[in-house]
Amino acid sequence: MELHILEHRVRVLSLARPGLWLYTHPLIKLLFLPRRSRCKFFSLTETPEDYTLMVDEEGFKELPPSEYLQVAEATWLVLNVSSHSGAATAVQAAGVTKIARSVITPLAEHHVSVLMLSTYQTDFILVREQDLSVVIHTLSQEFDIYREVGGEPVPVARDESSNGFPRAQHGPSPTVHPVQSPQNRFCVLTLDPETLPAIATTLIDVLFYSHRFPSDLLLTSSSGELWRMVRIGGQPLGFDECGIVAQIAGPLAAADISAYYISTFNFDHALVPEDGINSVIEVLQRRQEALSS
């Protein structure tokens, strides 16, 4: 398998809900007018508490500072796994489950904090720029690693020596974070960028005004599968704790349960198949009990 270190240097921000009006213009520009911005990596996630933005340096320049905007200190790099195994079949697990054992768990064991952003087509793993050397050392035995330079992949030399890096060690017991599953139902879908102008008005209304998606528009998928959310954390999680994603992704991978994982500024979220939500809660509760004992 291949691990690609993308060119983007990403900042993670929290936009308070009362301040959304102040950022209407730059958000519309980043979302719907990409040719008028040099931004190449942009994600916006709405939660009950706030809006989380993950945006590269060019996009970050579009967002003026204000009392409503909180910026995480670290700069994050974006990793992406390519398997070359062809399209996933209907029986293969999707999302973070595919990379739990090969990426998420090893990084947790080496005390690397990660953020996750699952999409319809792929999963992005965000690591702090300062942790990159540890990431490369940890994953180089499992992956051929490439770093994008000028849009082209350049091989990263495999380091056969230890280079002074300590082996994975058992650190302090991980914090056991509560999980809950609200009743919301989700559809995971992809949208051809060429069709974006046709539904821009609807999306702007959803984002800035009504906050309600029309029931008869766009909420379709090839499988018709619906997803439920598992929310991780009772208090804001912060960015320093390691192993939060692994606590969720590991047990789900062991049970071969698909999961799309979305980290936000304060909490983490996993989307799992609706028909398996009871099994998911049971698996995660058993994991919590094991960590607590």
When rounded to the nearest 0.5 angstrom, what distance separates CG in N80 from CG in L126? 11.0 Å

To the nearest 0.5 Å, how far apart are OH in Y120 and CG in L189? 8.0 Å

Contact summary for R228 and P182, nearest pair of heavy atoms: NE-O, 3.2 Å

Is there a donor-acceptor pair closer than 3.5 Å between any side-chain N or O of S118 and the backbone N or O of D123? no

Heavy-atom pair of closest approach, residues P106 and S102: CG-O, 3.5 Å

I need the H111 NE2 to D240 CG distance, nearest 0.5 Å. 14.0 Å

Side chain to side chain contact (heavy atoms under 4.5 Å, CB included), that's the test. Do I248 and M116 meet it? Break it down for me. CA-CA 12 Å; I248 305 301; M116 277 295 306; over 6 Å; no

Test item: V230 and H269 side chains (from C-beta on) under 4.5 Å apart, heavy atoms: no

If you define the side chain from C-beta out and look only at heavy atoms, does anything of P236 sit under 4.5 Å from F267? yes

Are I136 and I5 packed together at the side-chain level, in the sense that at least one heavy-atom pair is separated by less than 4.5 angstrom? yes

Any side-chain to backbone donor/acceptor pair from R147 onto L6? Under 3.5 Å, distance only. no

Shortest non-hydrogen contact from L13 toward F60: CD2-CE1, 3.4 Å

In one Ile/Leu/Val/Met/Phe/Trp/Tyr side-chain cluster, 4.5 Å: L132, V149: no

Considering all heavy atoms, the nearest A249-A100 contact: O-CB, 3.7 Å

Where the side chain of S181 meets the backbone of M229, is there a donor-acceptor pair that is under 3.5 Å apart? yes

Kindly say whether the aromatic ring centers of F265 and F239 come within a distance under 6.0 Å. yes

If you take the centroid of each ring, where Trp contributes its six-membered ring, are F124 and F41 closer together than 6.0 Å? yes

Show your reasoning for whether side chain to side chain contact (heavy atoms under 4.5 Å, CB included) applies to V81 and E2. CA-CA 6 Å; V81 172; E2 294 179 356; over 6 Å; no

State, yes or no, whether a side-chain contact exists between L15 and L44 at a heavy-atom distance under 4.5 Å. no

Using the side chain to side chain contact (heavy atoms under 4.5 Å, CB included) rule, pick out the option among D275, N184, I277, V188 that qualifies with W227. V188

Tell me whether S263 contacts the main-chain N or O of D268 through its side chain, where contact means a donor paired with an acceptor under 3.5 Å. no

Stepwise side chain to side chain contact (heavy atoms under 4.5 Å, CB included) check, L22 with L69: CA-CA 10 Å; L22 187 61; L69 198 65; over 6 Å; no

Output the distance between atom CD (Q70) and atom CG (N266), rounded to the nearest 0.5 Å. 7.5 Å

To the nearest 0.5 Å, what is the distance between CG on L107 and CG on L139? 4.5 Å

Distance col, row I244:CD1 vs L115:CG, nearest 0.5 angstrom, shows 9.0 Å

Looking at every non-hydrogen atom in both residues, tell me the closest pair between P273 and S258 and how far apart they are. CD-O, 3.3 Å

Dump the intermediate steps for salt bridge (Lys or Arg N to Asp or Glu O under 4.0 Å) on K61 and E57, then the final yes or no. CA-CA 6 Å; K61 295 175 183 177; E57 291 178 310; over 6 Å; no

Review item, side-chain donor-acceptor pairs of residues 25-35, under 3.5 Å, at least two apart:
unit_1, atom_1, unit_2, atom_2, d
K29, NZ, R36, O, 3.4
K29, NZ, E62, OE1, 3.3
K29, NZ, E62, OE2, 3.2

Examine V272 and Y261 and state if one hydrophobic cluster contains both, with Ile, Leu, Val, Met, Phe, Trp and Tyr joined whenever side-chain heavy atoms are less than 4.5 Å apart. yes

Between the main-chain N or O of P64 and the side-chain N or O of Y23, is there a donor-acceptor pair closer than 3.5 Å? yes

Could you check whether any side-chain heavy atom of V78 comes within less than 4.5 Å of a side-chain heavy atom of L117, counting everything from C-beta outward? no

M54, F42: one ILVMFWY side-chain cluster at the under-4.5 Å cut-off? no

Where Y68 and G19 come nearest, the two heavy atoms and their spacing: CG-CA, 3.4 Å

Backbone N/O of S113 and side chain of E241: donor-acceptor pair under 3.5 Å: no

Between L3 and Y146, is there a shared hydrophobic cluster once you connect ILVMFWY residues whose side-chain heavy atoms come closer than 4.5 Å? no

With heavy-atom distances below 4.5 Å as the criterion, would you say the side chains of L207 and Y51 are in contact? yes

When you look at CD of Q130, are more than 12 heavy atoms from neighbouring residues, nucleotides or ligands closer to it than 6.0 Å? yes

Under 3.5 Å, side chain of R17 to main-chain N/O of T47, donor-acceptor pair present? yes

I'd like to know if the side chain of R11 and the backbone of A72 have a donor-acceptor N/O pair within less than 3.5 Å. yes

Give the cluster check for V55 versus V71: same hydrophobic cluster or not, with ILVMFWY residues linked at side-chain heavy-atom distances below 4.5 Å. yes

Give a yes or no answer on whether the side chain of T97 reaches the backbone of I257 with a donor-acceptor pair at less than 3.5 Å. yes

Indicate yes or no: at least one non-hydrogen side-chain atom of M1 is less than 4.5 angstrom from one of V103. no

Taking the basic N atoms (NZ, or NE/NH1/NH2) and the acidic carboxylate oxygens, is any pair closer than 4.0 Å for E148 and K40? no

